[in-house]
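To start, the structure under review is shown below, and the notes come after it.
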Amino acid sequence: MSKEIISGGEALMRSLINEGVETVFGYPGGSIMPVFDAMYDHRTDFRQVLVRHEQGAVHAAQGYARSSGKVGVSIVTSGPGATNTLTGISDAMLDSTPIVVIAGQVGCAVLGTDAFQEIDFVGITQPITKWSYQIRRPEDVAWAVARAFYIARTGRPGPVVLDFTKNAQTAMVEYEPATVDSVRSYIPYPTPCRKAVESAAELINKSKRPFMIVGQGIELGEAHEELKAFAEKANIPVGKTLLGLSAFPSDHPLCVGMLGMHGNYGPNYNTNQCDLLIAVGMRFSDRVTGNVATYAKQAKVIHIDIDHAEINKNVAVDIPIVGDCKEVLPMLTELVEKRDHSKWIDSFAEYNAIEYEKVGKKALNPTEGPLLMGEVARKVSEATNNSAILVTDVGQNQMMSSRYFKYTLPRSILTSGGLGTMGYGLPAAIGAKMAMPERTVCLFTGDGGFQMNIQELGTIMEQGTAVKMVLVNNNYLGNVRQWQELFFDHRYSWTPMLNPEYSLIAKGYGIPSRLVIDRAEIDDAINEMLSTPGPYLLHVAVKEEDNVMPMTPPGATVSEMIFE
């Protein structure tokens, strides 16, 4: 029986369906037009979302992937269409987000001739992807797609690029679905060393002041229950990185808060007091360690990570365990003893109480003056029963909302961690809501980041995506302004912003909005936002020169946080 003969573009469609793709974010153009023509016949097979900029397509795919655990997909054209995706691809690489970006390319006959909208997309993206490949023949489409999805979602997830030449899109092929379940020399799930696990358990059982810091690896490995079982049996306090904030419930008795430059005082201070530091699924970012020369020098360090490249990269490790945390944590749980570390755990609360008196009380319960970002974030979190997905942009809005939101469900914070991409928030929130329509998705964004991809309001308008957008507007590029205040003698160079009338912009896109200036209105406005069907823009005028505190100054050790 002969196989069906179809075009390379149609082969791509069938390969995507074979991978279970349900949503594609994209933008058409000349070199990818045969693919979009083939897509026309598959309008009922998966959701096809026209974004307003290719960067938005990738960030939306990231939001889709991080909220659902599935692979996000973007399809764009060659040249500027492809290069516009580079920020999102880089962001996905640094934050381990599984996406597949498919870009059109000129035909093989004119490759290397500087043809119209030709760019060496594979060459550009090889350093910022797990795999980047050019499809030159229709016979390679099914295999390349299957391999791309396998690489993107397995092991430490990440972005993959397929550069699809136009001749391969139009040429005919006898199509046969492909499956890839292994790649030579690629070991996505290394077998944990049993001896290392036993040595780690021995250290844990002897420790008097153990401290566990967890990152997004728990979310990516879906090891939430395994983490909870281990922490509860060993009675170990748990601190969380920015990307790991929803890896462990905020209301759990062992949760001691967020680590990092703008984290909580207790976990930061006690990092340099513990006798054992257990790092799980995190990469010891400089924003977590502060001055690495003074970071946890008194402690033994156990590092559990699926990526061998992270071991000893930034912090010297006493016991490395390379493996999937979902597999390693139960191995440790079996070997650790039940312990009572109540006095040690209480010390975190004592330091966090100092933070609350110096910072939190004013941030969350002000009685006069302008509205503050912190109080708005906490009120929105509580109004959603602490169960919403928080999507942030980058800057003060990111730190304030991350600090003062509460997390009770997995995969509840989406934020640009490694790259710190302003403009990430709005399209990522669109992708998250499309992936998880049953959950409330709240975007927190500043006036700077909001305007960087504000055109994606058009995607919301067209798709009717029910994103609840909270714009905290201080008329500054706030994070840079804070550094200028603290470290550059209040020289506010290029940070004050003259802003547009956001309500008129929202109205132009058919999105209801409300401006809140008075504190007396904020509760009613939040309820209105959450009860209004569809999208909503809540524009909140907040204190212009508010700072995110506490803060570990650049070059300082994590325990040397400042409060004002």
Side-chain angles (χ1 to χ4, degrees), residues 55-56 58-69 72 87-88 90-99 157 214-220 239-248 250 257-264 281-283 285-288 373-374 376-378 380-381 384 386 388-407 409-433 435-436 439-446 448-450 452-453 456 467-472 478-479 548:
Q55 182 181 351
V58 183
H59 290 327
Q62 287 180 274
Y64 185 94
R66 286 176 63 174
S67 61
S68 67
T87 296
S90 302
D91 195 287
M93 187 66 175
L94 284 171
D95 284 354
S96 304
T97 305
I99 59 171
V214 301
Q216 192 191 195
I218 295 293
E219 302 262 51
L220 298 174
K240 304 177 290 186
T241 68
L242 176 65
L243 295 188
L245 281 174
S246 59
F248 196 70
S250 300
M258 183 172 81
L259 298 143
M261 176 176 281
H262 290 294
N264 296 115
M282 56 86 67
R283 58 190 181 86
S285 160
D286 59 297
R287 285 298 172 102
V288 167
M373 294 185 206
V376 176
R378 178 60 59 86
V380 171
S381 182
T384 64
N386 299 324
I389 295 176
L390 169 67
V391 185
T392 86
D393 209 88
V394 168
Q396 288 184 317
N397 67 88
Q398 175 187 35
M399 293 295 101
M400 288 292 199
S401 59
S402 299
R403 282 176 56 82
Y404 293 118
F405 243 69
K406 296 294 182 183
Y407 311 92
L409 299 173
R411 295 186 180 273
S412 290
I413 179 168
L414 311 183
T415 190
S416 175
L419 198 63
T421 305
M422 291 179 68
Y424 168 90
L426 180 57
I430 294 170
K433 185 61 181 177
M436 308 297 287
R439 294 191 65 184
T440 301
V441 174
C442 293
L443 166 68
F444 264 75
T445 181
F450 188 55
M452 282 198 170
N453 272 318
E456 296 309 326
V467 176
K468 308 303 181 182
M469 296 167 278
V470 182
L471 169 60
V472 283
N479 213 42
V548 186

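Taking every heavy atom of both residues into account, M400 and V548 meet most closely at CE-CA, 3.9 Å. The two atoms that bring A65 and P98 nearest to each other are CB-O, 3.4 Å, heavy atoms only. What you find for Q398 and D393 is that their closest heavy atoms are CB-O, 3.1 Å. For S402 against T392, the heavy-atom pair with the smallest separation is OG-CG2, 4.1 Å. Here the closest heavy-atom approach between residue K406 and residue S381 is recorded as N-OG, 3.1 Å. In this structure, G425 and V391 approach most closely via the heavy-atom pair O-CG1, 3.5 Å.
For the atom pair OH (Y404) and CG (L390), the distance works out to 14.0 Å, reported to the nearest 0.5 Å. To the nearest 0.5 angstrom, I413 atom CD1 is 3.5 Å from Y407 atom OH. Rounding to the nearest 0.5 Å gives a distance of 7.0 Å between OH of Y424 and OG1 of T415. Here CZ of R403 is found 10.5 Å from CG of L245. Values are rounded to the nearest 0.5 Å. Between atom CG of residue N479 and atom NE2 of residue H262 there is a gap of 5.5 Å, rounded to the nearest 0.5 Å. Rounded to the nearest 0.5 angstrom, L419 CG and D91 CG are separated by 5.0 Å.
Residues R66 and L243 have side chains in contact (heavy-atom distance under 4.5 Å, counting atoms from C-beta outward). Between M469 and T445, every side-chain heavy-atom pair lies at or beyond the 4.5 Å cut-off. Counting heavy atoms from C-beta outward, Q55 and P427 have side chains that stay 4.5 Å or more apart. By the 4.5 Å heavy-atom criterion applied to side chains, T421 and H59 are counted as neighbours. At least one side-chain heavy atom of M436 sits less than 4.5 Å from a side-chain heavy atom of I389. Side-chain atoms of I99 and Y64, non-hydrogen and from C-beta on, never get closer than 4.5 Å to each other. Residues L242 and M399 meet the side-chain proximity criterion, which asks for heavy atoms closer than 4.5 Å. Put simply, the side chain of F444 reaches to within 4.5 Å of the side chain of V380, judged on heavy atoms.
With hydrogens and angles disregarded, no donor-acceptor distance shorter than 3.5 Å links the side chain of R411 to the backbone of S68. Here the side chain of N453 pairs no donor or acceptor atom with the backbone of G56 at under 3.5 angstrom. Between the side chain of K240 and the main chain of A247, no donor-acceptor pair closer than 3.5 Å is present.
Residues passing the side chain to side chain contact (heavy atoms under 4.5 Å, CB included) test with M282 are I213, T241, A279, F284, V288, sequence neighbours excluded. Annotation: side-chain hydrogen bond (donor to acceptor under 3.5 Å, both in side chains) contacts of S401 (sequence neighbours excluded): none. Shown here are the side-chain hydrogen bond (donor to acceptor under 3.5 Å, both in side chains) partners of R439, two or more places apart in sequence or in another chain: S412.
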Worksheet entry | Residue pair N386, S250: steps toward the side-chain contact (heavy atoms from CB on, under 4.5 Å) verdict | CA-CA 9 Å; N386 299 324; S250 300; over 6 Å; no
